[in-house]
Amino acid sequence: MNRMLNHMEDILNEQVSGFHQYILDDPVHLSYVSENLCKMVGVRPEELLCEDKDLYVSLVHPADRGQYCGFLRRLTQEEQTLTSEYRLITKDGAVRYVRDVFTSKRLDNDVLVGCSVLTDITDLKQENHNLRFLNETIPCGFLKYTCEKQPRITYINQKMMEILRFPEAEDGALDELEFYKNNIFLMIPIEERRRFSLYLNRVYSADAPVAGEMPLLRCDGTRAQIFGWVTKCVNERGMAEFQSVCLDVTERHRAKQERETKRYLKALADVYDKIFEFNLDTDTVKCLHCNDASTFKCFENLAVRIGDAFEKWIINTVTPEDRDRVCDFFQDFCGKKLHEPGAKPPQITYWARSSDGINRQYSGIFIKVDASTSFYCCRRVPDAEEAAVLRTENTRLKENMKELVMRFADGRAAFEVSADGMVKPLYASENVCAFFGYSKEEWMPLMQKTTPLENFVAYSEAEYEDFVELLRKGEAEFTYFDYETETERRIKAICSQKEPDSNSPRYVMLYSIENAGAGETNSLPETRTVSIRTFGYFDVFVGDKPIAFRNKKAKELLALLVDRRGGYVASEEAISFLWEDEPVNTVTLSRYRKVALRLKNTLEEYGISDIIEAVDGKRRIVCEKVQCDLYDYLTGKEEYAQLFRGSYLTNYSWAETTLGALANHQQSRY
């Protein structure tokens, strides 16, 4: 028995860190101290043991003694276990941080005793002190969060809480910070969560940091734009965790957006007579652009309630026969019923009284800017007499270019570029107008003035740099999508100087050319069996013949539909995968529609368009009409068990989520 007791004391002295025992009845004092406690603070046991007073409290840092005495008082009130953190001063003057786990218990003789176990947390506190120093000196948000499917935040610094605008928790109120800590995705906008998840998967699997910009949802419902990076680390418990450092770039992002919006508005103002900004979040509308004679000039850049604007404008100016139709159009807009995914921007034509008191015809269009804001652009439709005048005024210009135009049997367009980069269109067929992003009616006013080249080509299917290169080299070819034939076409551009002097205007001729090999058709195999390979690189075969996709994004869209295994994919969702770093807007929606049409045309060429089903702008693959190694493998049949060998849709980064699921599935099988 004595050997057992001696062994227990050895455990307390050597194995239980900082162990000591209190008598908590008056006078409170230590009744036992372990050797490792004495080693920790550099004293002998007799320097702490005294039946008349508590000598241990003299080791506690003076700034922490009040807290420690309150800690002891709570322990004397009832049997319980409490934890506290404080500082001890060793005999040599060093400061050590400890975590004290203290349990009070009443013995059979009614004596209240307390057993304390100390953990030295000096290193951890020093790390947090360094972190606090960084918090105070560098204006960065900092986060630590787990590597789980739904990551939990384990640390967030004060600057990050300021960026996200967390309110102070009040008694009885929901602690929103704790709510967010349990799921980091709550601070990520819904449309960005997929991209954020992919980034985390990439950081975790590649063990390499990722940096970039993205929006965050603040606690008050507004958005912050941050630049940051994510890296994977190992924490003090030896577990993997993510760490993020974030810089608040909201103001810079807002200023950039404002510059882009001004530039966009300037381009729109060249085409439309009036531009209004509708903000559904604030329920306001303001006139951004109108001519000086317009009745809206006095309201320019003043926000007015949408309801008031409707009453003053529609009731007072729109003709009675069009009034109900126009009211329905704007009410549908306010009810968010006009902007259908994948559809063209909503347009309307109506008659209204102009500023000179004459009823004239107007055409209007809603252009979506973001989830809450849209531009309503309208212009007066020239009547037949005015259109004839415009044609007469341009006859001379057309005649000057006629000889050059007729050199090419398939002449399509011509425009003049001055030495300072200003463009004046001289002639264009409707199809080429569409290449530049204009309708024929929008093209006509451009022929009466000069437009900066950068603005003129802003909506075309080619880049501004390509046109600059054309002016430098004198010749180029462009690909565009012909909506009339739903095919890809080629445009040949010839640029020549009117005079040898480099300061003289240049004239650019555009004309259509046939695609190389356009007369060739894909010889379809007798059997139309469609085989899809996803393990490794993505490829599609009709019989034994691989499909030669002419457009990489069309091929990627098909891969995305295959990955969804028959589920419908909406336009906005597809855009978030195909163009991960770009928002959903009119530009990306237009780009996506072209990609979807190109995929449809390619499948039709091979006679297999029925493998894709489209409903209201959503698309899916009809799994029953294809053979796919992914689908075979997921049946679990033994003959397909060896199909997956660790790679999946190697072409595409967004496939990493499915790849991880397949790897887990493979491990569970074995």
Trainee: Between His29 and Pro27, is there a donor-acceptor pair closer than 3.5 Å when you use the side chain of the first and the backbone of the second?
Mentor: yes

Trainee: Okay, side chain of Arg218, backbone of Arg223: is any donor-acceptor separation there less than 3.5 Å?
Mentor: yes

Trainee: Return yes if some donor-acceptor pair links the side-chain N/O of Asn201 with the main-chain N/O of Glu656 below 3.5 Å, else return no.
Mentor: no

Trainee: Ignoring hydrogens and angles, tell me if any N or O in the side chain of Asn651 forms a donor-acceptor pair with the backbone of Phe538 under 3.5 Å.
Mentor: yes

Trainee: Any ion pair linking Glu580 and Arg194 (charged N to carboxylate O, less than 4.0 Å)?
Mentor: no

Trainee: Would you say Thr284's side chain and Arg305's backbone share a donor-acceptor pair under 3.5 angstrom?
Mentor: no

Trainee: So, Thr588 and Asn585: side-chain donor and acceptor under 3.5 Å apart, yes or no?
Mentor: yes

Trainee: Where does the angle between the aromatic ring planes of Phe102 and His20 fall among parallel (under 30°), tilted (30 to 60°) and perpendicular (over 60°)?
Mentor: perpendicular

Trainee: Under 3.5 Å, side-chain donor or acceptor atoms of residues 227-234 against the rest of the protein: list the pairs with distances, not counting sequence neighbours.
Mentor:
from: Lys232; atom 1: NZ; to: Tyr204; atom 2: O; distance (Å): 3.2

Trainee: Does Leu107 have more than 12 heavy atoms from other residues, nucleotides or ligands lying within 6.0 Å of its CG?
Mentor: yes

Trainee: If you define the side chain from C-beta out and look only at heavy atoms, does anything of Phe196 sit under 4.5 Å from Ile184?
Mentor: yes

Trainee: Between Ser571 and Leu589, what is the shortest heavy-atom contact and its length?
Mentor: CB-CD2, 4.1 Å

Trainee: Are any side-chain N or O atoms of Tyr68 and backbone N or O atoms of Ser84, one a donor and one an acceptor, separated by less than 3.5 Å?
Mentor: no

Trainee: How long is the straight-line distance from CG of Leu649 back to CG of Leu630, given to the nearest 0.5 Å?
Mentor: 8.0 Å

Trainee: Is the backbone N or O of Asp64 less than 3.5 Å from a side-chain atom of Arg87, with the two atoms forming a donor-acceptor pair by type?
Mentor: no

Trainee: Tell me yes or no: between the side chains of Asp563 and Tyr648, is some donor less than 3.5 Å from an acceptor?
Mentor: yes

Trainee: Between Phe278 and Phe366, what is the ring plane arrangement, given parallel below 30°, perpendicular above 60°, and tilted in between?
Mentor: perpendicular

Trainee: Indicate yes or no for a side-chain donor-acceptor contact from Ser104 to the backbone of Gln80 under 3.5 Å, with no hydrogens or angles considered.
Mentor: yes

Trainee: With heavy-atom distances below 4.5 Å as the criterion, would you say the side chains of Leu82 and Leu75 are in contact?
Mentor: yes

Trainee: Tyr145 vs Ser244, test: side chain to side chain donor-acceptor pair (under 3.5 Å). Steps then yes/no.
Mentor: CA-CA 8 Å; Tyr145 44 104; Ser244 291; 2.6 Å; yes

Trainee: When you check the gap from the basic side-chain N to the acidic O, do Lys637 and Asp632 get nearer than 4.0 Å?
Mentor: no

Trainee: What residues form a ring-ring contact (aromatic ring centres under 6.0 Å, His included) with Tyr199, not counting sequence neighbours?
Mentor: none

Trainee: Any side-chain heavy atom of Asp100 sitting closer than 4.5 Å to one from Tyr86?
Mentor: yes

Trainee: Under 4.0 Å between a side-chain nitrogen and a carboxylate oxygen: does that hold for Glu85 and Arg99?
Mentor: yes

Trainee: Mind checking the CG-NE2 spacing from Leu88 to His61? Nearest 0.5 Å is all I need.
Mentor: 10.5 Å

Trainee: Do Ile226 and Leu247 touch side chain to side chain, with heavy atoms closer than 4.5 Å?
Mentor: no

Trainee: Is the backbone N or O of Thr373 less than 3.5 Å from a side-chain atom of Asn279, with the two atoms forming a donor-acceptor pair by type?
Mentor: no

Trainee: Find out whether Ser653 and Arg202 are in side-chain contact, i.e. whether some heavy atom of one side chain is under 4.5 Å from a heavy atom of the other.
Mentor: yes

Trainee: Examine Arg193 relative to Phe185 and say whether NZ or CZ is less than 6.0 Å from the centre of the six-membered ring and inside a 45° cone about the ring axis.
Mentor: no

Trainee: Walk me through whether Phe644 and Tyr633 qualify under ring pair (Phe, Tyr, Trp, His ring centres under 6.0 Å).
Mentor: CA-CA 7 Å; Phe644 176 63; Tyr633 176 74; 5.8 Å; yes

Trainee: Measuring only between side-chain heavy atoms, which start at C-beta, is Ile156 closer than 4.5 Å to Lys181?
Mentor: yes

Trainee: Less than 4.0 angstrom from a charged side-chain N to a carboxylate O is my criterion; do Arg252 and Glu213 meet it?
Mentor: yes

Trainee: Checking Asn36 side chain against Gly18 main chain: does a donor-acceptor pair fall under 3.5 Å?
Mentor: yes

Trainee: Under 4.0 Å between a side-chain nitrogen and a carboxylate oxygen: does that hold for Arg591 and Glu582?
Mentor: yes

Trainee: Taking atom CG as the centre, does Asp108 end up with more than 12 heavy-atom neighbours from other residues, nucleotides or ligands that are less than 6.0 angstrom away?
Mentor: no

Trainee: Should the ring pair Phe19 and Tyr32 be called parallel, tilted or perpendicular, given that the plane angle runs from 0 to 90° and is split at 30 and 60?
Mentor: tilted

Trainee: Can you tell me if Gln21 and Ser31 form a side-chain donor-acceptor pair at under 3.5 Å?
Mentor: yes

